[in-house]
> 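Would you mind keeping the following structure in view while I ask a few things?
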Amino acid sequence: MSTKNEKKRADYLKQGGVLAFASLLVRFIGMVYRIPMSNILGEKGNGIYAVAFEIYDVILIISSYSLPLALSKIISGQQAKRQHRNTGRTFRVAMVFAVVSGGIFCLLLLFGAGFIERNIYPEYEGVQIPLRVLAPTIFIVALLGVYRGFFQGKKTMMPTAVSQIVEQVINAVVSVAASYLFMKWNAESLQQAAWGAAGGTLGTCLGAASALLIVLFVYWIYRPVQAKLERRDRNARNYSSIYLFKILIITIVPIVLSQTVYNISGLIDYKVFGAIYGSKGVDEHTISQLVGVYSSKYRLLCSVPIAISTAVASSMIPSAVAAFTNGDTKQWKKNVSSGIKFNMIVAIPCAAGLMMLGIPIVKMLFYSHEYVQGVPSHVFGGRMLMTGAVAIVFYALSNVTGGALQSIDKMRLPVIHSAVSLAIHVGLVALLLKYTDVGIYALIIGNVTFPIIVYILNLMAIKRYVPSYRQEVIKTFLAPVAASLWMGVAIALVYWLLGMLFSSNMVRTLLSVCVGVFVYFMVFLILRGLTKDELYDFPMGRRLYLLARKLHVMN
C-alpha cells in the first residue's frame, strides 16, 4: 500500500509539474511579449489595457472560467468509481452550459462596453474599444474550458499544457504586431492609446481560438477510446442530464464566487484609486499612468511565479479528490503537503530575487523614457517590486490551501475567506488613499494583505476538518528562506562587483540572476531541503539529481 501511495504522489507531482512547467513557460512568454507591447502602448495605454483586462477577467470567471476546475473535480470523482458513462454525459452537459453561458456573456460585453465606460470607468477613456475586441474571446474560452476540464479530470495535463503554450505564442505575436499597427493607424486619434490596447487584446482572442483547435483535435483522437469505455461500463448508477447539470452548477457556483472575489479586487482597486485620486485633483492621464506602471511592471512580474502555484493547486485537486473519495486521508495529506512544499521552493526565492533586483530588472525589461510623478518609470516600477514582491509567497499558500479545501467538498469556505479578506482589503486601500500620501503603494499594500488573510483562514479551516494534517516546516519554509538569504547576498555582491567591469545593466542583471539561481539550488540541497526520491518526482528530477551528485551536494 505504501508503494502504491508513493506512486500516486509521484504521479500527482509529475502531472502537476507538467502543468506548472507549461504555466511557467506561458507566463514567461506573456512577460516577454508584454515588454515590447508595454513600450509600444506607453503608460496610459497600459492603464487602459489593464482595466479592460480586469473587466474581461471578471466576466470570464462568471461565465465559464471555472469550468476546467469544476469539471475536472466532477470527472475525477467519477473516474475513481469507474463511471465512464457518467463521465461522457457530464462532458456533454458541460458543453451545453458553455455554449449558452459563453454566448450570453459574449453578447453582453460586446453591446455593454459603452455603458461600462460611461457609467463605471469614466476615468479610463476609451476602455470600451479593447472590451469589444475581447467579447468573442469569452465564448471561445468557454468551449476551451470544457475540453481542458475533461482531460484534467482524467489526470492528463498534456492537452491543457500544450494548448496553453500554443495559445500564448499566437497571443504574443499577434498582440505585439496588432498593438504597433493599431497605434500607427490611429496616430491622429485622441484615443490612440485605447486603440493600441485593443490591438493587444486581439492577440488574446486569436490565441484562445488556436488553443481551441488543438484540444478539439486531441478530443477527436481520444473520442473512440471514451466511447469504448462507455460501452464497457457496467456501472448500474447512471445519472440523468438534469441531475448532472445540477451537480455542475453546485460545483461551479462556489468556484465562481471564490475566483470572482479573488479577481474583482483588482477591478475594485482601479475604481477606488481612480475615484479617490480624481477627487484629490489628479488628472486622468496621471491616474492611467500610475495604474499602467502598477499593472505592466509590478503585477506582470509577480504573476509568473504565482502562475506556478495556480497550476499546482489545479493539478492537485483531481488526485486529492480521488484520495478523499476513497477515504485515503494519508494520501490526501501527502498531496497537500507536496503542493505547498513545491510552491515554497519556487515562490520564496522568486520573491527574494525581485526584492533584491527590482529596479535593475525593470530597467532591463522596459526601456520607456517616461517619468511618473517626476521619477523614471523603471525606478517607480522597481520600487513597487521591492515593496510588494512578498505577496508571491502568500498567493502561493492561499492558492494551494484553497484547492485543498475544495478537494474535501468545502467549496464555500474559500469563498467566505476571500470575501472577508476582500472587505478588509477594500477598506484598507480606501483609507490609505484618502488619509495618507502613499498613493499607488496603497494598492501594493492591499495586494500583500489580501492573500495573507485568505491563507490564515484557509489553514484554520483545514486544521478544523482534517485535525491530523501537519505541514512540515523546516524543509518547506526554513530551508528555502535560508537558501534565499544566501542567494540575496550573492546577487548583491555579484551585481556590485560587475559594476566595476561593465556599464551594461542588462549584463550585470542577467549574470547576477544566473549566479543567484545556482547559489539557491546549491544551498537548498546542502541544507537537505529535498531527498533523492523527492527530487526525482520533480520535472527533470533525474537530471537535477545527477547534477547535484557531480557537485557533491547530494549522495
Side-chain angles (χ1 to χ4, degrees), residues 15 18-19 60-106 138-164 167 208-209 211-256 259 314-315 317-322 325 406-407 409 411:
Q15 287 296 327
V18 168
L19 200 54
L60 187 64
I61 287 164
I62 295 171
S63 63
S64 62
Y65 191 75
S66 58
L67 269 174
L69 186 58
L71 197 56
S72 70
K73 183 179 186 300
I74 296 170
I75 288 178
S76 62
Q78 293 169 345
Q79 289 294 109
K81 298 175 182 177
R82 300 178 183 241
Q83 297 177 351
H84 301 297
R85 195 175 289 114
N86 286 330
T87 296
R89 197 167 289 157
T90 301
F91 170 79
R92 291 185 285 274
V93 167
M95 185 58 70
V96 172
F97 175 87
V99 170
V100 174
S101 177
I104 290 172
F105 281 94
C106 166
I138 291 174
F139 181 73
I140 295 168
V141 173
L143 303 181
L144 180 60
V146 176
Y147 290 104
R148 285 176 172 171
F150 174 78
F151 288 114
Q152 287 173 209
K154 287 181 170 286
K155 299 183 184 177
T156 172
M157 307 299 169
M158 195 58 71
T160 297
V162 173
S163 65
Q164 283 181 341
E167 175 183 5
L212 179 60
L213 291 176
I214 289 173
V215 293
L216 273 170
F217 177 71
V218 174
Y219 181 77
W220 177 72
I221 294 174
Y222 181 78
R223 189 170 59 175
V225 177
Q226 176 63 27
K228 188 176 181 180
L229 289 171
E230 290 184 36
R231 285 195 301 270
R232 292 183 175 182
D233 185 1
R234 296 293 179 264
N235 199 302
R237 194 166 189 179
N238 295 315
Y239 301 122
S240 68
S241 297
I242 294 175
Y243 174 80
L244 290 171
F245 182 78
K246 288 179 181 177
I247 293 297
L248 186 65
I249 295 296
I250 291 170
T251 308
I252 282 175
V253 169
I255 299 174
V256 166
Q259 291 295 320
S314 298
S315 60
I317 288 177
S319 297
V321 168
T325 302
Q406 290 171 3
S407 71
D409 280 339
M411 309 289 287

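Nothing here was measured: the structure is a model prediction, and the numbers come from that model.
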> Tell me the closest heavy-atom pair linking Ile138 and Leu60, and the distance in Å.
CA-CD1, 4.0 Å
> Of the non-hydrogen atoms in Glu167 and Ala211, which two are nearest, and what is the gap between them?
CB-CB, 3.7 Å
> Looking at CG of Leu244 and CD1 of Ile74, how far apart are the two atoms once the value is rounded to the nearest 0.5 Å?
8.0 Å
> Does Arg89 have any side chain to side chain donor-acceptor pair (under 3.5 Å) partners at least two apart in sequence or in another chain, and if so, which?
none
> Kindly check if the number of other-residue, nucleotide or ligand heavy atoms within 6.0 Å of CD1 (Ile221) is above 12?
yes
> Do you know the tightest heavy-atom contact between Val218 and Pro159?
CG1-CG, 4.0 Å
> Indicate the atoms forming the closest heavy-atom contact of Leu71 with Val146, along with that distance.
CD2-O, 3.2 Å
> For Gln226, enumerate each residue passing the side chain to side chain donor-acceptor pair (under 3.5 Å) test, keeping only those at least two apart in sequence or located in another chain.
Lys154, Glu230
> Would you compute the distance between atom CG of Leu216 and atom CG of Leu144 and round it to the nearest 0.5 angstrom?
9.0 Å
> Where do Phe139 and Gly103 come nearest, in terms of heavy atoms and distance?
CD1-N, 3.5 Å
> Identify all side-chain donor-acceptor contacts of residues 90-102 below 3.5 Å with residues at least two apart in sequence or on another chain.
residue: Thr90; atom: OG1; partner: Gln78; partner atom: OE1; Å: 3.4
residue: Thr90; atom: OG1; partner: Gln78; partner atom: NE2; Å: 3.0
residue: Thr90; atom: OG1; partner: Asn86; partner atom: O; Å: 2.7
residue: Arg92; atom: NH1; partner: Gly88; partner atom: O; Å: 3.4
residue: Ser101; atom: OG; partner: Ser63; partner atom: O; Å: 2.6

> Evaluate the side-chain proximity of Gln164 to Arg148: yes if any heavy-atom separation is below 4.5 Å, no if none is.
yes
